[in-house]
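The structure under discussion appears below in the form of structure tokens.
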There are 2 protein chains.
Amino acid sequence: MVQDKKQAILKGVLKLVNRVGFYHISMKMVAAEAGVAAGTIYLYFKGKEELINELYTMIVSEFNESVLDAYDQDSPIKEVYRAMMSRAVLFYLNNKDYFSFIEQYTYAPFLFKENQEQNFMLLLPLYKMMRAGKKQKMIKNLPDAVLLSMVHGPMNTMLKMHFARKTDLTKATVQNKFYNACWEAIAAHN
Amino acid sequence: MVQDKKQAILKGVLKLVNRVGFYHISMKMVAAEAGVAAGTIYLYFKGKEELINELYTMIVSEFNESVLDAYDQDSPIKEVYRAMMSRAVLFYLNNKDYFSFIEQYTYAPFLFKENQEQNFMLLLPLYKMMRAGKKQKMIKNLPDAVLLSMVHGPMNTMLKMHFARKTDLTKATVQNKFYNACWEAIAAHN
DNA sequence: TAAAAATGAATGAACGTTCATTTTTTGAAA
DNA sequence: TTTCAAAAAATGAACGTTCATTCATTTTTA
């Protein structure tokens, strides 16, 4: 019962991210969207900051669940790579509001207080895969940051362009072209 | 004389982007930073929205100047690519405040009114280079959006990590590894 | 001295948060 | 099962603060 209302409030924020944009969200709007009174929010969250931070934590754990369980120690690394990218892209395509929220949260005023370290937690699944690939000599022996940027960066930009309707991410393009192009950037060419 | 004050105000905003973050910038702060009174800003700009938008336009044109003049029709496309990437990365490394501003401007509330189209103007130099490369069969025949994301994305993520001190972008790494890795993502492998 | 530029206190709107009040839930007694 | 009072949950008007913007006044320029 208590959780129902808390979830309704969190979901309310998400809906508003798309409808009015991160920085126009007021507590009154959240209350209206969630079907509660303004004061009720403060029974479940200390304040706006905690509300936003909890939502972020929720999204991060959902994302990691979705992507990390594609990590099968025994599969060839290229397949792990493909599975992870696939899951990550699908996760955001199916949850535009998550993507928008994450993008904007990164630069939110709140962040500059304590959560700055959490900021790259979303990259941990990819990070793990990279290290395995380097050991197997399947992936270039480059600094982690370089490799990470080579798969996270394109995904991010693609999604941004897709959601801004600058391009259409068809399944075929993503699966047959995009993943391969990124792979060629990070793969060791022996 | 008039331009001095206008420039001082614009530069004031930029300084504040780094010091207090985009969303904590108030008109009073800008006035103090620029050494003028609050009301003075309104002699040069219609309001906060116009101020921010003019700053964006200023940065876009500076960026395009810096990067586009690396486009020499006669050079081999791989060299053009390298020169452009090099200029773009250098531009942002030397102007952290420009990078921060652009990143945050993209999702600013202002944007959702009219300037949304300008949003990918920064990518035009890269876009142009891609099309030439495709004609010469040096670059994969992929949709422009895919190619663009493959060079813009990594650069963006690298810079973000660099500025967040998650990695150190040494000149050597960038020049010897990063550019090549991105190139392999977009190059046609005949 | 007239015009132009600059000032900064005043204004009103918007926001996050609080808290006195109302509504709902609970569970023991009848 | 019904009753009812105490506890818990929910409400939303009110508060204090912050902010962008205005404009009567002052300062600078021509």
Side-chain angles (χ1 to χ4, degrees), chain A residues 1-58 101 104-105 107-115, chain B residues 1-58 101 104-105 107-115:
Chain A
M1 187 72 89
V2 165
Q3 284 307 309
D4 283 355
K5 234 154 220 176
K6 196 171 177 180
Q7 284 300 311
I9 292 165
L10 288 168
K11 293 288 178 195
V13 177
L14 271 179
K15 278 185 217 158
L16 287 169
V17 168
N18 280 309
R19 186 159 343 126
V20 305
F22 196 88
Y23 289 100
H24 280 142
I25 293 173
S26 73
M27 295 302 261
K28 227 163 224 164
M29 282 180 190
V30 173
E33 190 67 33
V36 301
T40 306
I41 299 174
Y42 293 85
L43 300 177
Y44 298 96
F45 302 95
K46 213 177 144 194
K48 193 177 186 181
E49 184 172 332
E50 191 182 284
L51 169 57
I52 298 292
N53 285 333
E54 275 203 36
L55 184 52
Y56 178 69
T57 301
M58 190 191 94
F101 181 86
Q104 293 173 74
Y105 177 83
Y107 279 103
F110 312 117
L111 202 60
F112 288 87
K113 288 170 191 164
E114 44 178 38
N115 288 43
Chain B
M1 186 73 86
V2 164
Q3 284 307 311
D4 284 354
K5 233 154 219 172
K6 195 170 178 181
Q7 283 300 311
I9 292 165
L10 288 167
K11 293 289 178 193
V13 177
L14 271 179
K15 279 186 217 160
L16 288 169
V17 168
N18 281 309
R19 189 165 335 132
V20 305
F22 195 89
Y23 288 99
H24 280 143
I25 293 173
S26 73
M27 294 303 260
K28 226 165 222 162
M29 282 181 190
V30 174
E33 191 67 33
V36 301
T40 307
I41 299 174
Y42 292 85
L43 299 177
Y44 297 95
F45 303 95
K46 212 177 145 195
K48 193 178 186 181
E49 184 172 332
E50 190 183 284
L51 169 56
I52 298 294
N53 284 333
E54 275 205 32
L55 183 51
Y56 178 70
T57 301
M58 191 191 92
F101 180 86
Q104 293 173 72
Y105 177 83
Y107 278 103
F110 312 117
L111 202 59
F112 289 86
K113 289 170 191 165
E114 44 178 39
N115 289 43

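These values consider heavy atoms only, across backbone and side chains, with no hydrogens, waters or symmetry-generated copies. Here is the naming used below: chain letters follow the sequence lines, and residue numbers restart at 1 for every chain.
- The nearest pair of heavy atoms linking A/A31 to A/I41 is N-CD1, 3.9 Å.
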Short N/O separations, protein against nucleotides 19-22 of chain D, under 3.5 angstrom:
unit_1, atom_1, unit_2, atom_2, d
D/dA20, OP1, B/K48, NZ, 2.7
D/dA20, OP2, B/M27, N, 2.6
D/dT21, OP2, B/Y42, OH, 2.8
D/dT21, OP2, B/K48, N, 2.8
D/dT21, O5', B/Y42, OH, 3.4

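- Here the P atom of nucleotide D/dT27 and the CG atom of B/L43 are 17 Å apart, to the nearest Å.
- Two residues are said to be in side-chain contact when any heavy atoms from C-beta on lie closer than 4.5 Å; B/Y44 and B/T40 meet this criterion.
- Using a 4.5 Å heavy-atom cutoff, the side chains of A/V30 and A/V36 are not in contact.
- The structure places CZ of B/F101 at 8.0 Å from CD1 of B/I25, a figure rounded to the nearest 0.5 Å.
- Rounded to whole angstrom, the span from the CZ atom of B/F45 across to the P atom of C/dA6 amounts to 12 Å.
- As rounded to whole Å, 16 Å separates atom C1' of D/dA9 from atom NZ of A/K6.
- The interatomic distance linking A/E50 (CD) with C/dG16 (C1') rounds to 14 Å, in whole Å.
- A ring-centre distance under 6.0 Å is found for A/Y23 and B/Y23.
- Atoms OH (B/Y23) and C1' (D/dT18) sit 18 Å apart, rounded to a whole Å.
- Contact detail for A/F45 and A/K6: the closest heavy-atom pair is CZ-CG, 3.6 Å.
- When each of A/T40 and B/V36 is assigned the nucleotide of DNA chain C bearing its nearest heavy atom, the one mapping closer to the 5' terminus is B/V36.
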